[in-house]
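These notes are about the structure you will find just below.
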Amino acid sequence: MSSFDVVIIGSGPGGYVSAIRCAQLGFKTAIIEKYSTLGGTCLNVGCIPSKALLASSHHYAEIKHFEDHGIELSGEVKVNLEKMIARKQAVVDQTSGGVKFLMDKNKITVLEGMGSFVDATHVAVAKADGTSETIEAKNVIIATGSKPSSLPFIKIDKERIITSTEALKLPEVPKHLIIIGGGVIGIELGQVYLRLGAQVSVVEYLDRIIPGMDSSLSKELTKVLKKQGMKFYVSHKVKSVERAGEAVTVQAENAKGETITLEGDYALVAVGRRPYTDGLNADKAGVKISERGQIEVNDHLQTSASNIYAIGDVVRGAMLAHKAEEEGTMVAEILAGQKPHIDYNLIPGVVYTWPEVAAVGQTEEQLKAAGTKYKVGSFPFKALGRARASGDLDGFVKILADEKTDEVLGVHMIGARTADLIAEAVVAMEYKASAEDISRMSHAHPTFAEAVKEAALAATDNRALHV
Ligand code: FAD
Ligand code: NAI
């Protein structure tokens, strides 16, 4: 029987990064993945393919503004969806192949098959050909991720009533795409198909889209997307989703008990994801699963079985690739006797629409609820030279700082390239910077990053220069 220091179940960003760090630290490491491609949800049906389609559809949307820039196109500009999706798949295949390369380079044993616990130190790997192999593990890291969740009355048929997985490979541009759930998936994929010519309606249960983020970001994103033609039904609870042939009917009820009926040809169910532990036989290893389906872990990501750890989407916290990666690294370092630490408050969140939305730290709503006294510095993109030069005028950067100490408590931004700009805020907050610290640092001109400096100036005695 093969024996390993660490066996990792699941090859998503949590699992494969953890495997690399384990190997770097000298552990004999194996990774088990039930699919034939490595990289998990993120690389195969999540982050990477969605960003590929967002990039392709963004290029198409930009063409409409070419004339403003003095670029005249002769002839018709058309979308070839099949080719766009084939390109997306090529990007996915290349990225997944890159993970295989990294496994080989780090001498990590890759086992293809479904992993399930025999007991706390043995994992069986059931292979596609019907055979099974049991391996021995001193330590196990569960990184089995998540799957789309749904509502009890919805029958997902994967053709017309779909999840994000199918939405990444549709055979045609929908005429009317009805999206159930105005969270990150709904809004990102909604913008893809809106740009490609679909009518897009979003039905959201709460009173605003991207409800986990600062409400000012929801408001600005709603404004921009409405301008682009997306329709919103917020404070609407979906009651039924039915398919008849190529038609899909969605009924939802508002707070007053009034029902609306939407007729479309596709319905995307994007109401969140559930932790995935099917077939893992966690109980055989003494690993406890919570009522919400998450693997229970302590602050060291250790489960109820002392040699078994769990990371990423399958445990509590944000379902984000970079959160899973940090946890994967942390567990490897704990196993090596180190004392790593993750500040979960400083895990940034990004929505890759255009304009991009990005945030780190506390929202205004959270600060108010905690009774923290804070000040606000805000700066609009339209006052920025670089934004005017490129024509990306929507959005703002908002910095929330402690009223007395000036320490930055939260940074919320929407606008061009904020997905990258947020890194500056993370660094600043990791080093406990004050708003004045950021305001006194030189930011190259003309860049979008100047909006961060200006917002910091605004938070520091209202000293913004360019408004
Ligand atoms: P996963 O990536 O889900 O990987 C788990 C792996 O374990 C899977 O490959 C699965 O097959 C395997 N597995 C499960 N059980 C077993 C078993 N018993 N035996 C063997 N293998 C098993 N996050 C971001 O940060 N940025 C984004 O832009 C972003 N975009 C997204 C877009 C979409 C459409 C979706 C759906 C998600 C997106 N996410 C994004 C979320 C991100 O994909 C997840 O947070 C991330 O993949 C979680 O990583 P993980 O390693 O915990 O699990
Ligand atoms: P989500 O939690 O972001 O959004 C789900 C939305 O559905 C919420 O706004 C919720 O209020 C709404 N909803 C729930 N029940 C409803 C009902 N009955 N009727 C109408 N609306 C209802 O989940 P989503 O978008 O499915 O994404 C899943 C996970 O994937 C997220 O946790 C996210 O972190 C991750 N992800 C991250 C991305 C990124 O980082 N850019 C991109 C895509 C996904």
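Ligands are counted one by one from 1 in listed order, and the atoms in each one are counted from 1 as well. Quantities reported herein were computed from a predicted structural model and do not represent experimental measurements.
Comparing A167, G10, A126 against atom 13 (N) of ligand 1, the shortest heavy-atom distance belongs to G10. With atom 3 (O) of ligand 2 as the reference point, the heavy atom nearest to it among D313, V184, L189 is part of V184. Of the options M213, R208, M319, E253, the smallest heavy-atom separation from atom 33 (C) of ligand 2 is shown by M319. The heavy atom nearest to atom 53 (O) of ligand 1, considering only S11, A124, G145, is found in G145. Atom 42 (C) of ligand 1 has its nearest heavy-atom neighbour, among A318, C47, G46, in C47.
Under a 3.5 Å cut-off, the side chain of Q338 and the backbone N or O of P340 do not form any donor-acceptor pair. A donor-acceptor contact shorter than 3.5 Å is absent between the side chain of S96 and the backbone of D93. One N or O on the side chain of R160 and one on the backbone of D265 form a donor-acceptor pair closer than 3.5 Å. Looking only at distances, a side-chain donor or acceptor of N254 sits under 3.5 Å from a matching main-chain atom of K256.
Close N/O approach between G272 and ligand 2 is found [any backbone or side-chain N/O within under 3.5 Å]. Of the polar atoms of A321, at least one N or O is found under 3.5 Å from an N or O of ligand 1, judged by distance alone. Residue V314 has no nitrogen or oxygen atom sitting less than 3.5 Å from a nitrogen or oxygen atom of ligand 1, judged on distance alone. Considering both main-chain and side-chain atoms, L320 never comes within under 3.5 Å of ligand 2 through any nitrogen or oxygen pair. Remark: ligand 2 and Y352 share no N or O pair separated by less than 3.5 Å (distance only, no angle test). Residue L151 has no nitrogen or oxygen atom sitting less than 3.5 Å from a nitrogen or oxygen atom of ligand 2, judged on distance alone. Inclusion of I185 in the set of residues having an N or O under 3.5 Å from an N or O of ligand 1 is not warranted. Between Y276 and ligand 1, a contact under 3.5 Å exists for no N or O pair. Checked against a 3.5 angstrom limit, the closest N/O atoms of I185 and ligand 2 fall inside it. Where the criterion is an N or O separation shorter than 3.5 Å, residue side chain and backbone included, K237 fails it with respect to ligand 2.
For ligand 2 and V203, the ligand atoms under 4.0 Å from any heavy atom of the residue are 20 (C), 21 (N). Numbered from 1 in the order shown, with element, the atoms of ligand 2 that lie under 4.0 Å from a heavy atom of R273 read 28 (C), 29 (C), 30 (O). Set against the non-hydrogen atoms of V238, the atoms of ligand 2 under 4.0 Å away are 19 (N). Distances below 4.0 Å separate heavy atoms of L206 from the following atoms of ligand 2: 11 (O). Residue Y205 has at least one heavy-atom neighbour below 4.0 Å for each of these atoms of ligand 2: 16 (C), 17 (C), 19 (N), 20 (C), 21 (N), 22 (C). Listed by atom number, the atoms of ligand 1 under 4.0 Å from E33 heavy atoms are 6 (C), 7 (O), 8 (C), 9 (O), 10 (C), 11 (O), 12 (C), 20 (C), 21 (N). Ligand 1 places these atoms under 4.0 Å from at least one heavy atom of V45: 34 (C), 36 (C). Residue contact check: A143 has heavy atoms under 4.0 Å from atoms 5 (C), 6 (C), 7 (O) of ligand 1. Annotation for ligand 2: atoms under 4.0 Å from non-hydrogen atoms of P211 are 9 (O). Taking every non-hydrogen atom of G113 and a distance limit under 4.0 Å, the qualifying atoms of ligand 1 come out as 19 (N), 20 (C). Near V350, meaning under 4.0 Å from any of its heavy atoms, are these atoms of ligand 2: 39 (C), 40 (O), 41 (N). Within ligand 1, counting atoms from 1 as listed, the ones closer than 4.0 Å to a heavy atom of G115 are 17 (C), 18 (N), 19 (N), 20 (C). For ligand 1, the atoms lying closer than 4.0 Å to a non-hydrogen atom of G14 are 51 (O). Residue contact check: G40 has heavy atoms under 4.0 Å from atoms 2 (O), 4 (O), 8 (C), 9 (O) of ligand 1. Near K51, meaning under 4.0 Å from one of its heavy atoms, ligand 1 places the atoms 27 (C), 28 (O), 29 (C), 30 (N).
A cation-pi contact links K28 to F4, judged by a cut-off of 6.0 Å to the six-membered ring centre and 45° from its axis. A cation-pi arrangement is present between R316 and Y344 under the rule of less than 6.0 angstrom and at most 45 degrees off the ring axis.
Using cut-offs of 30° and 60° on the angle between ring planes, the pair W354 and H58 is tilted.
Side chains of S201 and H176: a donor on one and an acceptor on the other come within 3.5 Å. Side-chain N/O atoms of N345 and Q362 include a donor and acceptor closer than 3.5 Å. Side-chain polar atoms of R195 and S57 form a donor-acceptor pair below 3.5 angstrom. For the 3.5 Å distance criterion, the side chains of Q251 and T261 qualify, holding a donor opposite an acceptor.
Scanning the protein for heavy atoms near atom 8 (C) of ligand 2, the closest one is E204 OE1, 3.5 Å. In terms of protein heavy-atom proximity, atom 16 (C) of ligand 1 is nearest to T144 CG2, 3.7 Å.
Residues D394 and K227 are paired through a salt bridge, judged by an N-O separation under 4.0 Å between the basic side chain and the carboxylate. A salt bridge does not link R208 to E204: none of the charged side-chain nitrogens sits closer than 4.0 Å to a carboxylate oxygen. Under a 4.0 Å N-O distance rule, the pair E326/K323 does not qualify as a salt bridge.
Screening E112, E133, E33 for a salt bridge (Lys or Arg N to Asp or Glu O under 4.0 Å) with K127, the sole residue that qualifies is E133.
If you look at S50 next to ligand 1, the close heavy atoms, those under 4.0 Å, all belong to the side chain. Counting heavy atoms under 4.0 Å from ligand 1, residue P49 does not touch it at all.
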